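All remarks here apply to the structure that follows.
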There are 2 protein chains.
Amino acid sequence: MAYRETEKMRNRKAEARNRIFNCGVRCVMEGGFRSAQVTHVAQAAGVATGTLYRYFDSKEELFAEIFRSATQREVDKVAEALATEGTAVTRLEAALRQFAERALRGPTMAWSLIAEPVDPKVEAERLLYRQAYARHFEQAIREGIEEGSVPPQEARQSSTCLVGAIAESLVGPLSPAQTDAERTMSPQQQQELVESIVCFCIQGLTGTRR
Amino acid sequence: MAYRETEKMRNRKAEARNRIFNCGVRCVMEGGFRSAQVTHVAQAAGVATGTLYRYFDSKEELFAEIFRSATQREVDKVAEALATEGTAVTRLEAALRQFAERALRGPTMAWSLIAEPVDPKVEAERLLYRQAYARHFEQAIREGIEEGSVPPQEARQSSTCLVGAIAESLVGPLSPAQTDAERTMSPQQQQELVESIVCFCIQGLTGTRR
DNA sequence: ACATAAAATGAATAATGATTCACTTGTTAG
DNA sequence: CTAACAAGTGAATCATTATTCATTTTATGT
């Protein structure tokens with residue numbers, strides 16, 4: 001026996017995988033999934049295309065993983081906002097803000113996650129991601145119902161409406177169809193946008209004018 | 001001069017174009033945009049692929065036109081519901097019902113229009129289509145504000161939230177990721193789904209518990 | 001140094017589907 | 001009937017990209 005995988009090699013491989021993955025992320029951040037081709041990613045990572053395939057089964061697999069990780073960060077942030085102190089309503093409000101503000105801060109990635117046309121495997125991830133949001137919201141709504149700050153309702157349904165309302169409100173502003181000039185809203189405008197989304201959503205939940 | 005386009009010929013051509021167009025519609029209704037290939041459409045219409053290109057500049061052009069027409073029908077129905085007698089709130093409610101019920105009745109087409117990943121040109125049509133809905137809703141909201149049945153608010157924003165909430169609520173049920181069994185909801189379930197969407201939306205608009 | 005095995009390479013291949021175009025067929029007017 | 005032109009044809013071509021694989025490079029243990 002003359003070759004056995006050593007620690008050093010394991011590290012180097014892990015590094016390579018990481019580098020590829022991160023370059024994939026960067027590609028998506030720059031031009032969305034559509035313009036992110038395996039050849040580009042490999043090139044950016046400084047490896048041959050063939051090498052990429054040693055680390056990922058297929059393009060779809062790679063981008064599904066990228067999607068998943070980008071998504072997880074976002075979902076975590078929302079979960080975090082929901083895990084603070086206060087009534088369910090306050091926490092939901094904070095979570096919606098978090099969602100919208102983060103999206104407006106990183107518009108290309110946000111658009112890719114929310115609305116860009118993608119391959120089926122990635123689309124499947126998107127479905128999961130939206131469901132993940134919905135489940136977090138749903139939980140908070142149930143808590144709200146329990147504590148009396150939210151009137152009884154189909155928590156599942158309402159949570160889906162929340163996700164839809166906020167996502168749709170962002171699609172327009174984030175869309176690359178807009179010129180960059182249009183996409184760059186003033187902080188003032190952003191603030192207003194977020195406020196009116198939150199307002200609609202909380203009213204929809206509580207049936208209480210605010 | 002020996003050949004000049006005659007009435008008969010004009011008709012025949014119009015017929016051919018129509019046939020191609022309609023077969024395109026059928027293809028989309030059956031399997032969505034993804035599975036609708038020019039070759040299929042041509043075959044279904046009983047013409048050669050080359051012929052199709054005498055009537056449509058490109059695949060994208062053809063399907064964008066198909067999308068537009070399918071969409072127009074839906075938007076018209078909503079506009080119709082909004083044009084009846086009654087307060088803005090009642091009319092908006094009727095419009096939301098119309099939207100949801102029609103979608104549940106033709107799930108494949110509805111999914112294609114609302115959520116299927118599509119080519120850029122078609123995606124652009126989708127943006128317009130969602131805006132068309134939003135504009136109709138917006139108008140009704142403004143009327144509601146004027147007549148006092150809806151509290152003052154950013155009508156534009158609220159209308160976008162309506163579109164998002166209803167679309168998102170339908171994506172899950174319509175998605176072909178669901179088995180057909182899952183997708184076939186009982187009329188009972190459909191009714192409940194529609195009710196809870198409408199409830200959330202009207203509350204979001206009016207801030208009044210119902 | 002050398003044998004062994006894994007990792008990296010990237011040009012060649014495969015797969016998919018839209019689009020073209022040289023040619024055939026059909027239509028019209030004189 | 002025939003010249004003149006338009007419509008129709010569909011196999012061949014083109015374009016785009018993901019994926020493979022024969023070959024080269026690199027790492028390891030003796």
Side-chain angles (χ1 to χ4, degrees), chain A residues 1-21 23-24 27-28 31-67 116-123, chain B residues 1-21 23-24 27-28 31-67 116-123:
Chain A
M1 120 192 64
Y3 182 100
R4 194 112 55 94
E5 183 176 41
T6 182
E7 187 62 22
K8 176 183 144 198
M9 215 44 201
R10 231 188 321 278
N11 289 341
R12 190 187 290 188
K13 286 204 309 191
E15 236 171 73
R17 189 179 201 280
N18 256 307
R19 200 167 57 252
I20 294 169
F21 182 86
C23 289
C27 284
V28 174
F33 285 96
R34 158 159 284 259
S35 74
Q37 304 169 16
V38 283
T39 317
H40 287 169
V41 176
Q43 213 151 30
V47 299
T49 42
T51 306
L52 188 148
Y53 280 86
R54 297 196 150 265
Y55 294 99
F56 299 91
D57 283 350
S58 71
K59 177 197 162 139
E60 285 207 320
E61 213 66 57
L62 165 62
F63 285 108
E65 190 172 326
I66 287 172
F67 191 96
E116 187 185 359
V118 291
D119 293 23
K121 273 231 176 88
V122 179
E123 182 66 27
Chain B
M1 116 190 68
Y3 180 99
R4 194 109 58 88
E5 183 175 38
T6 182
E7 188 59 25
K8 176 181 144 198
M9 215 44 201
R10 232 188 319 281
N11 288 342
R12 189 187 292 189
K13 285 204 307 191
E15 236 171 75
R17 190 180 201 280
N18 255 308
R19 198 167 59 253
I20 294 169
F21 182 87
C23 289
C27 284
V28 174
F33 285 96
R34 159 160 281 261
S35 73
Q37 304 170 14
V38 282
T39 318
H40 286 168
V41 175
Q43 213 150 31
V47 299
T49 42
T51 306
L52 187 149
Y53 280 86
R54 294 196 159 268
Y55 294 99
F56 299 91
D57 283 349
S58 70
K59 178 198 161 137
E60 285 208 318
E61 213 66 58
L62 165 62
F63 284 108
E65 190 172 325
I66 287 171
F67 191 97
E116 185 185 1
V118 291
D119 293 20
K121 271 227 177 93
V122 179
E123 183 66 28

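Owing to the predicted nature of the structure, the values given are computational and were not obtained by experimental measurement. A note on names: the letters A, B, ... follow the listed sequences, proteins ahead of strands, and every chain is numbered from 1.
Closest approach to the B:Thr6 side chain among C:dT27, C:dT19, D:dT9 is made by C:dT27 (side chain taken as heavy atoms from C-beta onward). Here the side chain of A:Tyr53 is nearest to one of D:dT20, C:dT9, C:dA5, namely D:dT20. Side-chain atoms of B:Met9 lie closest to C:dT27 of the nucleotides C:dT27, D:dT19, C:dA6. You'll find that the side chain of A:Thr51 is closest to C:dT9, out of C:dT9, D:dG8, C:dT19.
Atom CZ in A:Arg10 sits roughly 11 Å away from atom P in D:dT28 (whole-Å rounding). A straight line from CZ of B:Phe63 to P of C:dA18 spans 8 Å, rounded to a whole angstrom. Rounded to an integer number of Å, the gap from NE2 of A:His40 to C1' of D:dT17 is 10 Å. Put simply, CD on B:Gln43 is 14 Å from C1' on C:dG17, counting in whole angstrom units. For B:Asp119 and C:dT19, the CG to C1' distance is 15 Å, given to the nearest whole Å. Going from atom CD of A:Glu60 over to atom P of D:dA18 covers 10 Å, rounded to whole Å. If you measure from atom CG of A:Asn11 to atom P of D:dT28, you get 11 Å, rounded to the nearest angstrom. The interatomic distance linking B:Leu52 (CG) with D:dG10 (C1') rounds to 13 Å, in whole Å.
For D:dT26, the OP1/OP2 oxygens have no side-chain nitrogen or oxygen of A:Arg12 closer than 4.0 Å. Between B:Lys59 and the phosphate of C:dG17, there is no side-chain N or O to OP1/OP2 separation shorter than 4.0 Å. Phosphate proximity of C:dG17 to B:Thr39: absent, as no side-chain N or O sits under 4.0 Å from OP1 or OP2. The shortest distance between the side-chain N/O atoms of A:Lys8 and the OP1/OP2 oxygens of D:dT28 is below 4.0 Å.
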Starting from the C-alpha separation in whole Å, work towards a yes-or-no answer on salt bridge (Lys or Arg N to Asp or Glu O under 4.0 Å) for A:Glu65 and A:Arg17.
-> CA-CA 12 Å; A:Glu65 190 172 326; A:Arg17 189 179 201 280; 3.1 Å; yes
Verdict with supporting geometry, B:Glu7 and B:Arg10, salt bridge (Lys or Arg N to Asp or Glu O under 4.0 Å) = CA-CA 5 Å; B:Glu7 188 59 25; B:Arg10 232 188 319 281; 3.2 Å; yes
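Atom OH of A:Tyr53 is separated from atom CG of A:Leu62 by 9.0 Å, given to the nearest 0.5 angstrom.
The backbone N or O of A:Arg34 lies less than 3.5 Å from a partner atom in the side chain of A:Glu116, making a donor-acceptor pair.
Nucleic acid contact class of B:Thr49 (heavy atoms, under 4.0 Å, all strands): base. Heavy atoms of A:Phe56 sit nowhere under 4.0 angstrom from any nucleic acid atom. At a threshold of 4.0 angstrom between heavy atoms, the contacts of B:Tyr55 are confined to the sugar-phosphate backbone, with no base atom among them.
A salt bridge links B:Lys121 with B:Glu61: at least one charged nitrogen is closer than 4.0 Å to a carboxylate oxygen.
In this structure, B:Phe63 and B:Phe33 have perpendicular ring planes: the angle between them is above 60°, well past the 30° mark.
Judged by distance alone, with hydrogens and angles left aside, A:Arg4 brings no side-chain donor or acceptor close enough to the base of D:dG29 to form a pair under 3.5 Å.
The residue among B:Gln37 and B:Glu5 whose nearest nucleotide of DNA chain C lies closer to the 5′ end is B:Gln37.
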